[in-house]
Amino acid sequence: MLYKDVLRFIATQPRLQLETWPTPMMPMDGLRRALAAEGPCPKLWVKREDMTSYGLGGDKIRRLEFAFAKVREAGADVVIISGGIHSNTILQVSAVCARLGLECEVFVTRAKSVTPEDENDAVNVMVCLLHGARVHLMGTLEIPEQVTSDRADELRAEGRRPFLIEPGGTSPYSTFGAILCLEELLEQIREKGFTPTAIVAPTGWCGNAAGFLIGLTLLAASGGPSIPLYVFDTFGKDAAVPARKRIMNIVTECWKLLGLSGKCDDSLLYLSTDFAGQGVSHPDARAVEAIRFLGCKEGLLLDPSYTGKCMAGLLHMIRNKVFTQKDNVVYLHPGGMPAMFAMRRIL
């Protein structure tokens, strides 16, 4: 099965369209001008996945279009989701539930690295409450999978029809949304008349990274260009499973779901864990500098948990002359802005 065959297959799968697509791809001329004053700088582009309409949560809605198709198929009347205090998925799930008239229960996990100040500034949790979600604050030793499963059992015993959405909205099936995002981006690139030297993206729950890697691998195998995918892990020490394994686990299962033979290798994946800071809610000084730099030079807002860390990695690559002036580099901005307000004390 080739790249176009996979796109046709995905088009036959249940999907509940929740957003107006496409999101724009734009040049980052202000950033390039600032970096060119320091040394050689490639042409820079940004895919504005931050410009979606649900709860300031960004691109997670792409995966949720597939997840909520399953919710509707199941005839569910209450949706359960777990996530950290700065999770963008929990706020988008609560927003979609509000729109669809479904009850939503959010279980907020609390990593050991999270401080009382983080919890006091949990804007994402506030947004969930504004959408009418019932929010449960979990203890640091509680296991989210067990707690949410137990709650689903309780609801079933009451005659309800609960549906559990995976953390990050990430599953092999919902990863189809990331593959469609890649195709949307590639179409915009074709319209601009260039082939990217690299696509750069952050990763947490790894749905985007997995979908992009599958799509890029199939594109190359179908006679298209081989486009490297540079991914920067944002979870760091807060993750129970290393980033590469998280990505490849999803890739393997999604590959099977697509009916593809063999396996997807990771030869196009360049993964860095060097900019994750001290955990999800703890960016280092380089991420803070990147957020301020982009705000001043490009007028683009990033958050400390995800996008700021990835941009710090991209700036490091440019300043170390990984790319030439003739190169075209596309930065995937997955959005998720509430954490920027939550962690304003460090910005």
Side-chain angles (χ1 to χ4, degrees), residues 18-19 49-64 67-68 79-99 102-140 142 144 147-148 164-170 174 202-208 234-236 238-239 276-283 287-288 291 301-310 333-347:
L18 297 168
E19 187 57 86
E49 292 288 275
D50 57 313
M51 294 177 65
T52 59
S53 57
Y54 285 86
L56 301 175
D59 69 337
K60 290 70 186 172
I61 200 68
R62 289 193 185 268
R63 298 194 290 277
L64 293 179
F68 272 93
V79 172
I80 300 172
I81 181 75
S82 67
I85 62 169
H86 297 309
S87 166
N88 297 305
T89 307
I90 62 172
L91 59 86
Q92 288 203 322
V93 167
S94 66
V96 174
C97 284
R99 178 181 173 187
L102 298 168
E103 290 187 26
C104 181
E105 297 204 13
V106 175
F107 287 80
V108 180
T109 60
R110 298 148 100 179
K112 292 180 181 179
S113 61
V114 172
T115 67
E117 290 80 8
D118 291 325
E119 294 188 342
N120 290 338
D121 289 338
V123 176
N124 298 50
V125 174
M126 179 194 72
V127 174
C128 291
L129 293 169
L130 289 174
H131 289 316
R134 181 179 179 185
V135 175
H136 309 263
L137 296 178
M138 297 173 56
T140 56
E142 290 187 287
V147 172
T148 53
L164 278 72
I165 290 181
E166 296 85 349
T170 298
S174 67
T203 199
W205 289 105
C206 300
N208 261 348
T234 61
F235 279 7
D238 284 340
Q278 295 302 309
V280 173
S281 302
H282 297 279
V288 173
I291 293 169
L301 297 178
L302 306 175
D303 82 283
S305 289
Y306 303 101
T307 53
K309 295 176 181 180
C310 180
H333 188 335
M337 300 313 300
M340 180 187 70
F341 303 105
M343 289 187 270
R344 60 192 178 276
R345 64 189 180 279
I346 66 172
L347 298 178

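All heavy atoms count here, side chains included; hydrogens, waters and symmetry mates do not.
The closest donor-acceptor contact from the side chain of E19 to the backbone of R62 lies at 3.5 Å or more, if one exists at all. Between the side chain of S174 and the main chain of G169, a donor-acceptor pair closer than 3.5 Å is present. Using modelled atom types, one side-chain atom of K309 and one backbone atom of A276 make a donor-acceptor pair closer than 3.5 Å. For the pair N124 (side chain) and S87 (backbone), a donor-acceptor distance under 3.5 Å is present.
The two residues T234 and G204 come nearest to each other via the heavy atoms OG1-CA, 3.8 Å. Of all the heavy atoms in P202 and C310, the pair that sits closest is N-SG, 3.4 Å. When every heavy atom of L91 is checked against every heavy atom of Y54, the shortest pair comes out as CD1-O, 4.0 Å. Nearest heavy atom pair, residue P338 against residue G55, reads CG-O, 4.0 Å.
Using a 4.5 Å heavy-atom threshold, the side chains of V93 and L64 count as touching. The shortest side-chain heavy-atom distance between T89 and I81 falls under the 4.5 Å cut-off. For the pair V125/V106, no side-chain contact is recorded, criterion being any heavy-atom separation below 4.5 Å from C-beta on. Here the side chains of T307 and P334 are in contact, with some heavy-atom distance below 4.5 Å. Contact annotation: the side chain of P304 approaches that of M340 to within less than 4.5 Å [non-hydrogen atoms, C-beta and beyond].
The structure places CD1 of I61 at 11.0 Å from CD of E49, a figure rounded to the nearest 0.5 Å. With values rounded to the nearest 0.5 angstrom, N88 atom CG is found 13.0 Å from W205 atom CH2. Taking CE of M126 as the start and CD1 of I85 as the end, the distance is 13.0 Å to the nearest 0.5 Å. Taking CG of L301 as the start and NE2 of H333 as the end, the distance is 7.0 Å to the nearest 0.5 Å. Note that the OG atom of S82 and the CD atom of E166 stand 10.0 Å from one another [nearest 0.5 Å]. The structure places CD1 of I291 at 6.5 Å from CG of D303, a figure rounded to the nearest 0.5 Å.
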- Message: Working note: E105 + H136, criterion side-chain contact (heavy atoms from CB on, under 4.5 Å); need CA distance, chi angles, decisive distance, verdict.
- Response: CA-CA 7 Å; E105 297 204 13; H136 309 263; 2.9 Å; yes
- Task: Apply side-chain contact (heavy atoms from CB on, under 4.5 Å) to V135 and I90, showing your working.
- Result: CA-CA 10 Å; V135 175; I90 62 172; over 6 Å; no
- Task: Evaluate the criterion side-chain contact (heavy atoms from CB on, under 4.5 Å) for residue pair D59 and N208; output intermediate values, then yes/no.
- Result: CA-CA 9 Å; D59 69 337; N208 261 348; 2.2 Å; yes
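Test R63, K60, H131 against Q92 for side-chain contact (heavy atoms from CB on, under 4.5 Å) and you get one pass: K60.
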